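One structure is given below, encoded as structure tokens.
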Amino acid sequence: MSRSRRALLAAAVVTATAAVPLTGGPAGAAPLAGTDPTGDRQQQYAAAAAEYGVPESVLLGVSYLESRWDTHAGTPSTSGGYGPLHLTDAADVASLTPGHVHQGEDPRGDTSRPLTVAAPRGADPSAAPASAALQTLQAAAALTGADAAALRTDPAANIRGGAALLASYQKQLGGAVGAKTDPGTWYGAVARYSGADTEETASAFADEVYDQIRAGASRRTDDGHQVTLTARPVTARADTVHRLGLRKSQRPDEVECPVRLGCEWIPAPYEQYGPGAGDYGNHDLANRPAQQKIEYIVIHDTEEYYGRTLDLVQQADYLGWHYTLRSVDGHVAQHVKTKDVGWQAGNWYVNAKSIGIEHEGFAGQGTWYTEAMYRSSAKLVRYLALKLGIPLDRQHIIGHDNVPGTVASTVAGMHWDPGPYWDWSHYFDLLKAPFRTTGTIRSGLVTIDPDLAVNRPAFVGCNQQPPDVPDPLPPAEPCPLRGSSAVVLHSAPSHDAPLVNDLGLRPDGSPNTMYISDHGARASAGQKYAVAEVRGDWTAIWYLGQKAWFHNPASAPTAKWATGFVVTPKPGKVTIPVYGRAYPEQAAYPAGVPYQTISPLQYTLAAGQRYAVGDVLPSEYYQASTFDGSAPGDWTVIRGDLRYVQIQFGHRIMYVNLDDVLLLPSAVGAPR
């Protein structure tokens with residue numbers, strides 16, 4: 001739900017955008033700042049397991065499910081968790097500043113019924129939860145004698161702290177402790193380590209750990225250590241989870257979640273809160289997919305804590321979305337049935353054809369998303385996509401930051417979450433739909449896919465996200481150097497060249513910046529673009545009506561060659577309009593239903609340019625403007641004769657009229 005920060009993209013941060021090598025230059029592959037490259041990480045796990053009597057496979061498996069063994073340079077997750085074992089400190093959670101959700105964007109995105117969002121009510125927005133799940137760092141300090149600073153920043157101390165916690169949980173459950181004990185008997189302790197407050201979510205976490213132990217894993221951590229979990233058979237004693245005394249989730253039959261996922265029903269209210277038929281919230285009734293196909297799943301972050309987010313979604317005069325995921329354990333709450341339309345993406349065309357999933361997190365505050373949440377989200381999205389026939393690709397599984405503005409005036413206010421730190425490549429690996437090379441340099445398309453371990457763009461302004469940033473803006477401070485799924489786009493094939501311009505964000509034509517929320521010169525992992533030119537280690541793509549260059553050396557590529565289809569204007573057309581919604585022609589609207597103007601955005605697609613095709617779509621408008629469906633045409637889908645092509649036009653998807661373009665195989669006319 002991150003808000004657009006148009007004012008923060010002013011000249012005050014231009015100096016921070018001086019071109020920075022995409023991977024930080026020759027040192028880009030070096031360990032992240034603040035980490036300790038010394039010592040053998042594998043041995044640190046082995047030593048901690050032996051010291052506290054934890055089977056090494058269990059310690060490695062739990063750590064993998066928390067952080068994939070990464071240190072994140074000693075910076076906290078959204079849950080205030082640190083290091084490979086994700087030791088949490090509630091005080092550090094409280095230090096994060098919640099965003100004012102949906103600021104600057106009409107989340108309903110329907111000009112026929114503009115939405116005025118009520119002021120959020122409920123709990124103190126600055127208050128963070130202080131459950132035991134968010135205070136494990138203090139418990140680890142008491143068990144190991146290490147101080148809090150060491151547990152945050154020293155990986156070896158952090159691993160010892162996690163091992164000590166696991167051993168203490170095992171003892172409290174009456175289980176045997178010892179490095180040689182049966183790993184399967186640690187199921188209850190592993191489930192407790194998740195921090196979950198429901199038995200289903202604790203079990204889901206433990207099941208993932210044991211699945212990982214059976215499958216094994218091996219990877220290089222973000223600070224340069226090779227760690228291996230050797231695959232081994234194990235029979236988990238799942239019955240031991242009952243000893244934890246956790247509550248059962250409220251999961252009635254209508255909850256739409258896969259079986260092996262901790263999920264509960266916390267409904268968003270569909271209520272009338274004022275005298276008018278249009279005074280209702282916080283979503284719209286529909287009958288999808290029978291009435292209208294669901295094309296998209298939109299990935300958001302909350303810009304709030306989980307508990308506060310639940311407060312907000314239960315306000316009838318606020319907003320409604322379909323699911324919220326909790327950071328610490330990946331727990332899922334469903335709020336709106338998938339057949340109904342949430343007010344979540346800022347574009348009514350997309351809302352009417354999408355499911356919105358919120359993830360507890362902050363796009364621009366330098367925190368990180370937990371592995372537990374990634375895994376729960378991937379399970380949920382894969383389940384929904386297979387159930388509803390949604391392709392598992394980045395043309396249909398999109399971020400809020402990929403949703404286009406509805407008309408030219410709304411482009412600048414669109415949100416930019418989940419942000420450049422969301423790991424799209426890993427996410428699609430978990431979705432079992434990894435990004436693959438499907439073509440050659442002659443194929444005409446690329447799929448963006450940088451190596452997160454070395455791709456660390458020098459973003460700025462992570463400390464300047466709250467809405468009360470002073471004007472004039474003080475010098476933007478560097479963000480923590482961390483892996484990003486976004487590549488930075490230059491106006492020429494050089495690290496020293498200015499970034500490209502997004503007219504929707506900078507109508508004066510000035511370059512976009514490295515400010516964290518300024519996504520107008522970025523392409524993200526999984527997004528597919530038409531190649532405009534290749535020059536040495538640099539590749540140019542067509543992007544918002546211009547050539548945009550990114551560093552893509554053959555020795556360390558940041559994109560994969562791809563095949564597919566592209567569009568280009570039909571012969572004789574100098575330029576064609578680009579749209580933010582695929583609405584029908586005026587003649588398609590029944591009497592009494594307001595015509596939704598087909599209004600182009602500020603961008604144009606010029607002859608000679610090519611853009612990757614995501615889909616060919618019918619023109620549709622879902623009419624819903626009253627609580628009881630009493631307005632003419634309410635609760636119906638209006639369809640026209642027009643058809644549109646969804647294209648990857650910039651960082652966001654957009655649409656062109658099928659009648660305006662040629663649709664070609666990408667290799668036809670591709671640069672050689």
Side-chain angles (χ1 to χ4, degrees), residues 106-116 270-296 298 319-320 322 336-356 388-390 403-410 576-601 615-646 653-660:
D106 172 0
R108 197 171 188 271
D110 182 5
T111 52
S112 73
R113 189 213 162 181
L115 180 65
T116 301
Y270 184 74
E271 296 176 1
Q272 191 166 3
Y273 55 77
D279 298 331
Y280 71 93
N282 57 15
H283 57 280
D284 276 293
L285 302 183
N287 186 25
R288 308 181 308 173
Q291 189 178 25
Q292 186 174 27
K293 187 178 187 308
I294 299 174
E295 301 280 357
Y296 308 106
V298 182
L319 317 173
H322 295 88
V336 176
K337 296 178 181 179
T338 59
K339 75 177 187 65
D340 295 329
V341 178
W343 300 351
Q344 42 97 15
N347 182 315
W348 184 244
Y349 177 79
V350 174
N351 278 341
K353 298 174 73 65
S354 71
I355 293 168
L388 298 168
I390 301 171
V403 176
T406 53
V407 294
S409 61
T410 66
I576 62 170
V578 178
Y579 303 96
R581 51 194 188 181
Y583 277 174
E585 66 277 10
Q586 187 169 4
Y589 288 78
V593 177
Y595 167 54
Q596 303 302 298
T597 305
I598 299 176
S599 178
L601 301 177
D615 215 336
V616 178
L617 299 165
S619 55
E620 294 180 332
Y621 173 69
Y622 182 59
Q623 167 68 10
S625 60
T626 59
F627 176 71
D628 56 3
S630 58
D634 258 8
W635 299 347
T636 64
V637 179
I638 298 165
R639 294 183 172 88
D641 294 330
L642 287 177
R643 289 192 296 166
Y644 291 83
V645 183
Q646 176 188 318
I653 61 170
M654 297 180 200
Y655 307 95
V656 291
N657 188 330
L658 180 60
D659 293 336
D660 288 340

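If you read the sequence from its start, that first residue is 1, and numbering goes on from there. Here the structure is a predicted model, which is why all the values come from computation and not from measurement.
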Sequence neighbours excluded and cut-off under 3.5 Å, please list the side-chain donor-acceptor pairs for residues 587-599, or say none.
unit_1	atom_1	unit_2	atom_2	d
Y595	OH	I598	N	3.3
Q596	OE1	T111	OG1	3.2
Q596	NE2	P594	O	3.1

### Query
Restricting to pairs with a member in residues 620-637, which pass salt bridge (Lys or Arg N to Asp or Glu O under 4.0 Å), not counting sequence neighbours?
K353-E620, E620-R639
### Query
Nearest heavy-atom pair of Y273 and G281: which atoms, and what distance?
CE2-N, 3.7 Å
### Query
Hey, would you say the Y621 and Y583 ring centroids sit under 6.0 Å apart?
yes
### Task
Let me see the working for L388 and R288 under side chain to side chain contact (heavy atoms under 4.5 Å, CB included), right down to the final yes or no.
CA-CA 10 Å; L388 298 168; R288 308 181 308 173; over 6 Å; no
### Query
Any idea which heavy atoms bring S619 and D641 closest together, and the distance?
OG-N, 4.1 Å
### Test side-chain hydrogen bond (donor to acceptor under 3.5 Å, both in side chains) applied to E295 - qualifying residues, sequence neighbours left out
none
### Task
Apply side chain to side chain contact (heavy atoms under 4.5 Å, CB included) to Y296 and V350, showing your working.
CA-CA 7 Å; Y296 308 106; V350 174; 4.2 Å; yes
#### Entry: Y280 and F627 aromatic ring geometry - parallel, tilted or perpendicular at 30°/60° bounds
tilted
#### Entry: By ring-ring contact (aromatic ring centres under 6.0 Å, His included) - contacts of Y622 (at least two apart)
none
### salt bridge (charged side-chain N to carboxylate O under 4.0 Å, His left out) involving D615 - partner list, sequence neighbours excluded
none
### Task
Using a 4.5 Å cut-off on heavy atoms from C-beta on, say whether the side chain of Q344 contacts that of I355.
no
### Message
Under the criterion side-chain hydrogen bond (donor to acceptor under 3.5 Å, both in side chains), I'd like the reasoning laid out for W635 against D284: C-alpha separation, chi angles, the key distance, then a yes or no.
### Response
CA-CA 9 Å; W635 299 347; D284 276 293; 5.2 Å; no
### Query
When you measure from the side chain of N351 to the backbone N and O of G356, does any donor-acceptor pair fall under 3.5 Å?
no
### Query
Which pairs, with at least one residue in residues 337-351 and sequence neighbours excluded, count as a salt bridge (Lys or Arg N to Asp or Glu O under 4.0 Å)?
none
